[in-house]
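Here's the structure, in structure tokens; my notes come after.
In the text below, chain A, chain B and the rest are named by the order of the sequence lines, each starting its count at 1. Note that the coordinates shown come from a computational prediction; the quantities given were computed from them, not determined experimentally.
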2 protein chains.
Amino acid sequence: MAPPSNPRSRPSQPAIPAGRASQPAIAGARRVVSDKREAILDAALALFVERGFWGTAVPEIADRAGVGAGTIYRYFDSKEALVNAIYRGQKMRFSAGVLDDFPASANTREQFRTIWMRMARFASANVPAFIFLELHHHASYLDAESRAVEQRMLDIITAVVTAAQARRELKAGDPRLLMGLVLGAFIGVIRSCLDVGQTPADADWAFAEQCIWEAIRS
Amino acid sequence: MAPPSNPRSRPSQPAIPAGRASQPAIAGARRVVSDKREAILDAALALFVERGFWGTAVPEIADRAGVGAGTIYRYFDSKEALVNAIYRGQKMRFSAGVLDDFPASANTREQFRTIWMRMARFASANVPAFIFLELHHHASYLDAESRAVEQRMLDIITAVVTAAQARRELKAGDPRLLMGLVLGAFIGVIRSCLDVGQTPADADWAFAEQCIWEAIRS
DNA sequence: AGTGTTGGAATGAATATTCATTCCGAGACG
DNA sequence: CGTCTCGGAATGAATATTCATTCCAACACT
């Protein structure tokens with residue numbers, strides 16, 4: 001009995017009042033709704049960082065967000081959809097923060113400093129978000145689109161690196177290796193600070209940037 | 001004639017028959033017991049790497065290890081005790097592989113190469129174990145002793161780094177930052193290869209070693 | 001040696017708990 | 001007063017852990 005088919009119509013979207021972009025000031029109701037969605041995302045992000053995806057219970061997320069457990073399912077189809085929404089949103093924020101207005105014509109030294117410092121700015125201002133992205137890198141419950149978001153950023157940076165190598169301003173070798181080395185070092189810097197309960201200071205970021213530049217320059 | 005000085009009197013430990021090694025032919029029994037413990041550790045390590053701690057069900061571990069679910073509780077008090085046993089065991093293996101017979105009197109360049117290449121050797125020969133250690137770094141279910149094992153290794157390397165800085169052969173700065181940077185880069189190299197389904201070749205390790213040396217040398 | 005006894009390792013179905021998801025009555029809003 | 005959002009108890013599946021039972025190798029005693 002009870003065929004697994006969902007008798008209820010699929011309300012596809014969480015049925016947010018679908019606010020026309022025509023209500024500029026009076027956002028009372030919509031604001032509340034929107035705030036709930038944000039509260040759920042924020043609470044889930046924090047808990048996923050603390051205990052991991054499988055270690056976090058949905059009702060816990062609801063409690064921390066100050067909403068009922070059922071409310072979460074008004075905004076997200078499932079726990080997996082929730083974690084994917086967080087991943088995509090943060091990854092795109094990160095990607096935009098690093099790549100928007102990228103100085104494509106600057107020299108390699110400048111380009112590297114730009115990328116590094118923008119990553120540092122994002123990571124310092126959004127420590128939990130950055131750790132979340134780190135922690136869920138390649139997790140089994142990420143869907144194809146979430147992976148695509150990641151891949152898009154990777155492709156862009158790969159092109160930048162390859163171009164710099166062609167100009168002989170970076171060491172020759174597999175671009176993926178160089179990028180993995182840089183990103184790994186970046187994460188290592190954060191972790192070494194977080195392990196002591198601090199977030200890296202600007203001076204730390206600048207110091208590490210110089211170190212890693214010397215690692216990859218030709 | 002087989003001094004059976006082993007009456008029934010071992011209530012606390014899993015009570016491996018522990019018979020005097022005087023019955024070469026009958027080693028069967030003890031072998032079986034010991035193998036079960038190993039089988040459980042191996043199966044759990046693999047599954048924890050694949051699905052994470054919370055994502056892995058204890059009966060799954062039992063199936064993979066080829067034992068009954070209850071048997072796991074003859075060897076480990078709980079799922080957490082099991083993950084801690086794996087962590088401690090692998091961390092100590094890693095620590096020994098890197099630090100045993102450390103060339104304390106070699107110059108800094110040699111010392112760095114030694115540490116890096118020994119880490120590479122361990123990581124390449126024990127990919128799942130290394131990923132396990134990475135994945136469970138600072139996990140909430142690790143107990144105090146597991147953390148202590150980690151700390152012990154860290155303290156030793158910190159001393160080496162500090163000494164090298166005093167000789168002005170490494171860049172000045174917080175040793176933790178330098179170490180985090182190096183370890184992070186190391187992990188980044190592994191990940192960049194694993195993402196493509198390969199393990200780093202010797203040439204990759206050597207290349208990365210040279211890069212990172214240039215990052216930290218004074 | 002042959003036979004009976006026994007301690008305790010091994011098992012896996014049973015239990016109690018926890019979890020993701022659903023459901024529906026109660027309000028808020030217009 | 002109809003419509004729509006919330007909350008949180010209800011539900012059923014899944015999970016960690018237990019425990020009554022089976023099984024076997026090593027004595028004990030002939």
Side-chain angles (χ1 to χ4, degrees), chain A residues 1-2 4-11 13-19 23 26-37 39-40 44 47 51-83 141, chain B residues 1-20 22-23 25-37 39-40 44 47 51-63 65-83 141:
Chain A
M1 58 166 14
S5 65
N6 192 341
R8 286 204 162 281
S9 68
R10 188 149 302 267
Q13 287 303 26
I16 297 172
Q23 306 285 9
I26 303 185
R30 193 180 50 204
R31 169 66 58 78
V32 168
V33 169
S34 163
D35 277 357
K36 273 189 209 295
R37 197 187 139 93
I40 292 166
L47 284 168
R51 303 199 238 280
F53 177 69
W54 297 108
T56 302
V58 172
E60 269 182 308
I61 299 171
D63 282 352
R64 161 105 69 145
V67 304
T71 303
I72 288 180
Y73 289 86
R74 298 200 66 72
Y75 292 92
F76 304 96
D77 285 344
S78 66
K79 192 185 180 187
E80 292 205 2
L82 170 57
V83 77
Y141 36 80
Chain B
M1 46 156 7
S5 62
N6 184 19
R8 64 296 319 226
S9 65
R10 186 132 285 133
S12 68
Q13 287 300 38
I16 298 171
R20 262 41 190 117
S22 56
Q23 304 285 14
I26 309 183
R30 190 180 51 204
R31 169 69 56 81
V32 167
V33 170
S34 163
D35 277 357
K36 272 189 208 301
R37 197 187 138 94
I40 293 167
L47 284 168
R51 304 191 232 266
F53 177 70
W54 298 107
T56 302
V58 172
E60 271 182 305
I61 300 172
D63 282 353
V67 305
T71 304
I72 289 180
Y73 290 87
R74 298 203 63 73
Y75 291 92
F76 305 97
D77 285 344
S78 66
K79 194 184 179 188
E80 292 206 1
L82 170 57
V83 78
Y141 37 80

To the nearest Å, how far apart are [X] [atom1] and [N] [atom2]?
{"X": "B:Ile72", "N": "C:dA9", "atom1": "CD1", "atom2": "P", "value": "17 Å"}
{"X": "B:Asp63", "N": "D:dA16", "atom1": "CG", "atom2": "P", "value": "12 Å"}
{"X": "A:Lys36", "N": "D:dC6", "atom1": "NZ", "atom2": "P", "value": "5 Å"}
{"X": "B:Arg74", "N": "C:dA9", "atom1": "CZ", "atom2": "P", "value": "5 Å"}
{"X": "A:Ile61", "N": "D:dG8", "atom1": "CD1", "atom2": "P", "value": "16 Å"}

Side-chain N or O of A:Tyr75 closer than 4.0 Å to phosphate OP1/OP2 of D:dT5: no
Distance, nearest 0.5 Å, that separates [atom1] of [X] from [atom2] of [Y]:
{"X": "A:Tyr75", "Y": "A:Leu82", "atom1": "OH", "atom2": "CG", "result": "13.0 Å"}
{"X": "B:Asp77", "Y": "B:Ile72", "atom1": "CG", "atom2": "CD1", "result": "13.0 Å"}
{"X": "B:Thr71", "Y": "B:Arg37", "atom1": "OG1", "atom2": "CZ", "result": "14.0 Å"}

ring-ring contact (aromatic ring centres under 6.0 Å, His included) partners of B:Phe53, counting only residues at least two apart: B:Phe48, B:Tyr141
Pairwise N/O distances under 3.5 Å, protein to nucleotides 11-13 of chain D:
none

Atom pairs under 3.5 Å: protein N/O with N/O of nucleotides 18-21 of chain C:
unit_1 : atom_1 : unit_2  : atom_2 : d
C:dA20 : OP1    : A:Thr56 : O      : 3.1
C:dA20 : OP1    : A:Lys79 : NZ     : 2.4
C:dA20 : OP2    : A:Val58 : N      : 2.4
C:dT21 : OP2    : A:Tyr73 : OH     : 2.6
C:dT21 : OP2    : A:Lys79 : N      : 3.0
C:dT21 : O5'    : A:Tyr73 : OH     : 3.4

Show me the side-chain donor-acceptor pairs of residues 59-70 of chain A shorter than 3.5 Å, one per line, residues at least two apart or across chains.
unit_1  : atom_1 : unit_2  : atom_2 : d
A:Glu60 : OE1    : A:Ala57 : N      : 2.9
A:Glu60 : OE2    : A:Arg51 : NE     : 3.2
A:Glu60 : OE2    : A:Arg51 : NH2    : 2.8
A:Arg64 : NH2    : A:Glu50 : OE2    : 2.8

